[in-house]
Amino acid sequence: MFYFLADNHYDTHPGRVIFEHLPENIRNRTNFAEDDWQLLESGKFLNDCELLILNMIGGSCNIPHPDGNAEKFVLRYLENGGNVLLLHGASAAFWQWPWWRRIVGLRWVRPGDPDQVSPSCHPVKPYTLRKCKCRHLLTGKLTGVTLPADEIYIDLEQVSPVEVLMDTFIGEGVFPQCFVCRTPWGGEMVHHLAGHSPEVNSHPTVIANICAIIEYLTYPCQN
């Protein structure tokens, strides 16, 4: 079972839009919840979780940050080698947990960061996702695409090594948009930053790339 946890992200509902556009075979294996951390806080996802998918920023949208029970269970999932797909700003899904802030590769930094790092930002403009020169197996399964105006996450803080699979070039510079890092316990985290507006999150190429990432993280031995 895939567990997909999302917030409403200021009434744009990016996780819900993505979930509704996933192919039926993936939706049928996915337990999706929006603005509700009960699955994390109860630990029930540990029983059969094949992949944890997050499209959320803890404590945003007037929704409380997941609590200490969630922290205990998420850490247990990762310690067991679990893989994670982080969509849009989900590197900050659990930004209040110090250990989480250290393992996510490139992290979205919120105002008032506990580590006193300057905030990240997101210019809004059309942009193109470009495949990078990278030997990671997942790179060959992704497709470049030009997208309408949307939030472009930049000025992330690097906290652990990453392999950049896709980037974008805008007036502010070149910025990673899809990348992978390993957790301290051997699992993989794949970040896919593109996707705030419904138009981007429902784009066929964006959905196809997310499906490719899900397949990779679920069946790594077949890649």
Side-chain angles (χ1 to χ4, degrees), residues 2-7 9 14-15 37 39-41 43 45-46 49-61 63-122 132 134 136 138-139 151-167 173-196 213-214 216-217 220:
F2 306 148
Y3 285 86
F4 190 164
L5 287 300
D7 59 31
H9 209 62
W37 315 141
L39 284 169
L40 293 179
E41 294 171 351
F45 73 101
L46 289 173
C49 184
E50 302 170 77
L51 177 64
L52 185 61
I53 304 171
L54 302 173
N55 196 331
M56 56 181 281
I57 295 178
S60 63
C61 311
I63 303 162
H65 191 285
D67 68 13
N69 285 325
E71 180 175 10
K72 175 178 64 177
F73 294 128
V74 170
L75 180 58
R76 186 178 304 171
Y77 172 76
L78 294 173
E79 288 176 333
N80 289 334
N83 293 332
V84 186
L85 170 54
L86 299 175
L87 298 169
H88 200 44
S91 61
F94 311 124
W95 64 277
Q96 293 184 12
W97 304 343
W99 62 271
W100 174 266
R101 297 196 300 272
R102 296 192 296 267
I103 70 168
V104 293
L106 295 167
R107 76 177 182 105
W108 174 255
V109 184
R110 291 170 53 80
D113 180 64
D115 298 328
Q116 299 183 339
V117 177
S118 59
S120 304
C121 58
H122 52 66
C132 296
C134 177
H136 193 282
L138 182 52
T139 308
E151 291 184 352
I152 306 169
Y153 275 20
I154 67 174
D155 295 337
L156 308 180
E157 182 197 14
Q158 181 154 8
V159 294
S160 61
V162 302
E163 291 181 80
V164 180
L165 312 183
M166 303 187 82
D167 66 12
V174 178
F175 300 99
Q177 294 297 299
C178 183
F179 48 92
V180 60
C181 62
R182 285 205 171 271
T183 73
W185 307 280
E188 285 189 286
M189 286 185 169
V190 178
H191 299 241
H192 186 281
L193 302 188
H196 175 83
I213 296 169
I214 291 172
Y216 169 80
L217 289 172

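- With sequence neighbours excluded, the residues forming a side-chain contact (heavy atoms from CB on, under 4.5 Å) with Gln158 are Leu106, Val162, listed by chain and number.
- Arg182 is not listed as a side-chain neighbour of Glu163, based on a closest heavy-atom distance of 4.5 Å or more.
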Run the side chain to side chain contact (heavy atoms under 4.5 Å, CB included) check on His136 and Val180 step by step: do they pass? CA-CA 9 Å; His136 193 282; Val180 60; 3.5 Å; yes

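- Inter-residue side-chain proximity for Leu52 and Leu5 is flagged as met; some heavy-atom pair is nearer than 4.5 Å.
- Scored by the side chain to side chain donor-acceptor pair (under 3.5 Å) test, Tyr77 finds no partners at all (sequence neighbours excluded).
- When all heavy atoms of Trp97 and His65 are compared, the closest pair comes out as NE1-CE1, 3.4 Å.
- The two residues Leu138 and Leu165 make their nearest non-hydrogen contact at CD2-CD1, 3.7 Å.
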Would you please test Met189 and Thr183 for side chain to side chain contact (heavy atoms under 4.5 Å, CB included) and show each step? CA-CA 7 Å; Met189 286 185 169; Thr183 73; 4.0 Å; yes

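- Side chains of Ile152 and Gln177 form a contact here, defined as non-hydrogen atoms less than 4.5 Å apart.
- Listed by first then second residue, pairs satisfying salt bridge (Lys or Arg N to Asp or Glu O under 4.0 Å) with a partner in residues 89-110 read Arg101-Asp115, Arg107-Asp113, Arg107-Asp115, Arg107-Glu157, not counting sequence neighbours.
- For residues 63-80, there are no salt bridge (Lys or Arg N to Asp or Glu O under 4.0 Å) pairs, not counting sequence neighbours.
- Between the side chain of Asn83 and the backbone N or O of Leu217, at least one donor-acceptor pair lies under 3.5 Å.
- Counting heavy atoms from C-beta on, the side chains of Asp167 and Phe175 never come closer than 4.5 Å.
- Side-chain contact check for Leu39 versus Phe73: every heavy-atom pair is 4.5 Å or farther apart.
- Closest heavy-atom contact between Ile103 and Trp99: CG2-O, 3.3 Å.
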In a table with atom names and distances, give each donor-acceptor pair under 3.5 Å that connects a side chain of residues 86-94 to protein atoms at least two apart or in another chain.
{"residue": "His88", "atom": "ND1", "partner": "Leu193", "partner atom": "O", "Å": "2.9"}
{"residue": "His88", "atom": "ND1", "partner": "Gly195", "partner atom": "O", "Å": "3.4"}
{"residue": "His88", "atom": "NE2", "partner": "Glu151", "partner atom": "OE1", "Å": "3.0"}
{"residue": "His88", "atom": "NE2", "partner": "Tyr153", "partner atom": "OH", "Å": "3.2"}
{"residue": "Ser91", "atom": "OG", "partner": "Trp108", "partner atom": "N", "Å": "2.7"}

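- To the nearest 0.5 Å, atom NE2 of residue His192 and atom CD1 of residue Ile214 are 10.5 Å apart.
- Side-chain contact between Leu54 and Val84 is present, with at least one heavy-atom pair separated by less than 4.5 Å.
- Shown here are the side chain to side chain donor-acceptor pair (under 3.5 Å) partners of Ser60, two or more places apart in sequence or in another chain: Asp7.
- No side-chain heavy atom of Ile154 sits under 4.5 Å from any side-chain heavy atom of Ser120.
- Scanning all heavy atoms of the two residues, the minimum distance from Pro161 to Cys181 falls at O-CB, 3.2 Å.
- Here the closest heavy-atom approach between residue Glu41 and residue Pro66 is recorded as OE2-CA, 3.6 Å.
- Distance alone, capped at 3.5 Å, is enough to place a donor-acceptor pair between the Trp37 side chain and the Pro64 backbone.
- One distance of note links OH of Tyr3 with CG of Leu51; it measures 12.0 Å at 0.5 Å rounding.
- Qualifying ring pair (Phe, Tyr, Trp, His ring centres under 6.0 Å) partners for Trp185, counting only residues two or more places apart in sequence or in other chains: none.
- Taking both residues in full, the closest heavy atoms of Ala6 and Gly15 are given as CB-CA, 3.8 Å, listed atom of the first, atom of the second, then distance.
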Applying side chain to side chain contact (heavy atoms under 4.5 Å, CB included), run through Val109 and Leu156 and close with a yes or a no. CA-CA 7 Å; Val109 184; Leu156 308 180; over 6 Å; no

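- Contact annotation: the side chain of Ser160 never approaches that of Val104 to less than 4.5 Å [non-hydrogen atoms, C-beta and beyond].
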For Ser118 and Asp155, run side chain to side chain contact (heavy atoms under 4.5 Å, CB included): C-alpha distance rounded to whole Å, both residues' side-chain angles, the deciding distance at 0.1 Å, then the answer. CA-CA 9 Å; Ser118 59; Asp155 295 337; over 6 Å; no

